[in-house]
Amino acid sequence: MMGYDSVFFSGADDSAMVKQALAEGRVILTRDTGIMRRRAVSSGRVKAILIESEEPQRQMRQLMRAFDLKTQTRPFTLCLECNTPLESRSREEMAGRLPPYVYRTQAQYMECPGCHRVYWRGTHWAAMVRKLEKLADNLNE
Ligand SMILES: [Zn+2]
């Protein structure tokens with residue numbers, strides 16, 4: 001949502017996750033203290049952050065503080081499915097590819113050149129923007 005390349009690691013193999021983080025230069029976000037004790041992490045070769053809260057909004061605030069994300073956010077610039085940078089599309093280019101109501105009411109679209117998912121600034125988008133702004137405004141809660 002905030003425009004940062006991210007991967008959800010669902011496998012049970014911690015060493016595969018650490019390897020991937022090392023290979024791709026990723027920071028591991030985890031609630032698992034065992035990850036923090038792994039040698040690649042404790043030695044600093046792989047950066048990891050132990051997420052303190054179980055509550056998603058507190059988790060986001062911790063990350064925004066840790067990485068100073070408040071001033072660097074580029075919301076909705078990457079595909080939520082596959083991390084590919086989104087490209088602008090005109091209404092004409094989207095003809096026949098969207099539900100009629102969306103096509104009638106939206107003029108600007110973003111498309112993922114990777115998976116071809118289409119995004120537009122509808123009510124869901126507006127709600128997400130408000131949520132991000134609220135998080136950024138209350139970083140110390
Ligand atoms: Zn995509």
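Sequential numbering from 1 along the given sequence is applied to the chain's residues. Both counts, for ligands and for their atoms, begin at 1 and track the order of listing.
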Closer than 2.8 Å to the Zn ion (ligand 1) - protein N, O or S atoms, ordered by chain and residue number: Cys79 SG, Cys82 SG, Cys112 SG, Cys115 SG

Where Gln57 and Leu135 come nearest, the two heavy atoms and their spacing: O-CD2, 3.6 Å

Heavy atoms only: give me the nearest Arg37-Ser42 pair and the separation to one decimal. O-OG, 4.1 Å

Cation over ring, Arg91 on Tyr103, under 6.0 Å and within 45°? yes

Taking Tyr109 for the side chain and Gln106 for the main chain, is one N or O donor matched with an acceptor at less than 3.5 Å? yes

Check the side chains of Asp13 and Ser15 for a donor-acceptor pair under 3.5 angstrom, ignoring hydrogens and angles. yes

So, Arg121 side chain and Gln108 main chain: donor-acceptor pair closer than 3.5 Å or not? no

